[in-house]
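Here is how names work: the chains are called A, B, and so on, in the same order as the sequence lines, proteins then strands, and each is numbered from 1.
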Amino acid sequence: MSFSIATWNINSVRLRMPLVEKFLAEYQPDVLCLQETKCPDDLFPSKAFRKAGYEHIAISGQKGYHGVATVARRPVEVVDRRRFCDIDDCRHLSIHVEAGDREILLHNFYVPAGGDEPDPEINPKFRHKLDFVAEMHDVTAVSGENYSSVLVGDLNIAPLEHDVWSHKQLLNVVSHTPIETTSFEAMREAGGWVDLMRQVVPPTEKLYTWWSYRSRDWVASNRGRRLDHIWSSADLSPRLAGIDIITEARGWDRPSDHVPVIARFDL
DNA sequence: ATGGTTGCCAAGCAA
């Protein structure tokens, strides 16, 4: 059977619910992981999700900032809402979901953006980001005979040279500094995670999931970055049927600055 | 080098 998982930093789920509905109707992923919902749990638009066929909803939200949610067309069981760096931010949610011949442990992450100054000594937000990634080292790709792991989210780091529009010009820009990209890749490899987007698209090819709001014409300038990621345990990688980056969503009315990414599996 | 935009909510802060 086919099974698909989508991830999307929505930048306010309530404001963009019409776009979420459009996306779900058009692409019908089995599971959708959202980040930056900016919505307390009691105000989450559950009704609209149920109406769209996504009756199973796990949320970890707070007022105004951060927040993650995982919605699905089949039952999900919350495994954990982990706190990182001893801060109460809602940046992680993990669930179990049945998919074909196996159970999947699915992590939904919103890694701190890190502020503007890429120096942990003077910028506490950058320090927090580095500490957060360091703490992610013990989030590992657990797998067994009928058990696999997937990790998705807005990880706010573009690790490879062609994950940004200009490697040279972004080397000192938060999201692509060597200290971030090195620890990010080390963390991914230590956890046993496979970068599924790069399994499909060779690292020599440009690949973006985010385009800044601060540009007159995001299409013409095309100064994107790959900040959103889908990783899996090694056993799932041969079952990947494809990756879809829904770039057109950046051009929808009042869009998020991130676009959805979908991984399709044959299970 | 700087400023560019958006969303939170009603002033700046975070991204």
When the C1' atoms of dA14(B) and dG4(B) are considered, how many whole Å apart are they?
16 Å

If you take all heavy atoms of Arg91(A) and Val111(A), which pair is closest and at what distance?
NH1-C, 3.6 Å

Atom CE of Met17(A) and atom P of dG7(B) are separated, to the nearest Å, by 17 Å

Closest to the Tyr213(A) side chain: dC8(B), dA15(B), dT5(B)?
dT5(B)

Could you give the distance separating dC9(B) and dG3(B) at their P atoms, to the nearest angstrom?
28 Å

Using whole Å, what does the distance between atom P of nucleotide dA15(B) and atom CG of Asp116(A) come to?
10 Å

When rounded to whole Å, the CD1 to C1' distance for the pair Ile10(A) and dT6(B) reads 14 Å

Taking atom types as modelled, is there a side-chain donor on Thr7(A) or Gln35(A) under 3.5 Å from an acceptor on the other?
yes

Using a heavy-atom cut-off of under 4.0 Å over every strand shown, decide if Arg14(A) touches base, sugar-phosphate, or nothing.
nothing

Spacing between Arg91(A) atom CZ and dA15(B) atom C1', to the nearest angstrom
10 Å

Tyr65(A) side chain: which of dA14(B), dC8(B), dT5(B) is closest?
dA14(B)

Does Pro112(A) or Gly64(A) map to a spot on DNA chain B nearer the 5' end, using the closest nucleotide for each?
Gly64(A)

What contact category does Arg216(A) fall into here, base, sugar-phosphate, or nothing, at under 4.0 angstrom with non-hydrogen atoms?
nothing

Tell me which nucleotide among dA14(B), dT6(B), dC8(B) gets nearest to the side chain of Ser12(A).
dC8(B)

So Trp193(A) and His107(A), would you call those rings parallel, tilted or perpendicular, with 30° and 60° as cut-offs?
perpendicular

Nearest heavy-atom pair of Tyr213(A) and Asn11(A): which atoms, and what distance?
OH-ND2, 3.1 Å

Lys63(A) or Asn156(A), whichever maps to the more 5' nucleotide of DNA chain B
Lys63(A)

To the nearest Å, give me how far apart CG (Asp89(A)) and C1' (dC8(B)) are.
15 Å

Round to a whole Å and report the spacing from CD of Gln62(A) to P of dC13(B).
18 Å

Figure out the CZ/C1' separation between Phe126(A) and dA15(B), and round it to whole Å.
15 Å

Contact class for His258(A) vs. all strands (heavy atom < 4.0 Å): base, sugar-phosphate, or nothing?
nothing

Do Arg223(A)'s NZ or CZ and the ring of Trp165(A) fall within the cation-pi criteria of under 6.0 Å and 45°?
yes

Expressed as a whole number of Å, how far does the P atom of dT6(B) sit from that of dA1(B)?
27 Å

Nearest-Å distance, CG (Leu227(A)) to P (dA14(B))?
19 Å

Would you mind classifying the nucleic acid contact of Ser215(A) as base, sugar-phosphate or nothing, using non-hydrogen atoms under 4.0 angstrom?
nothing

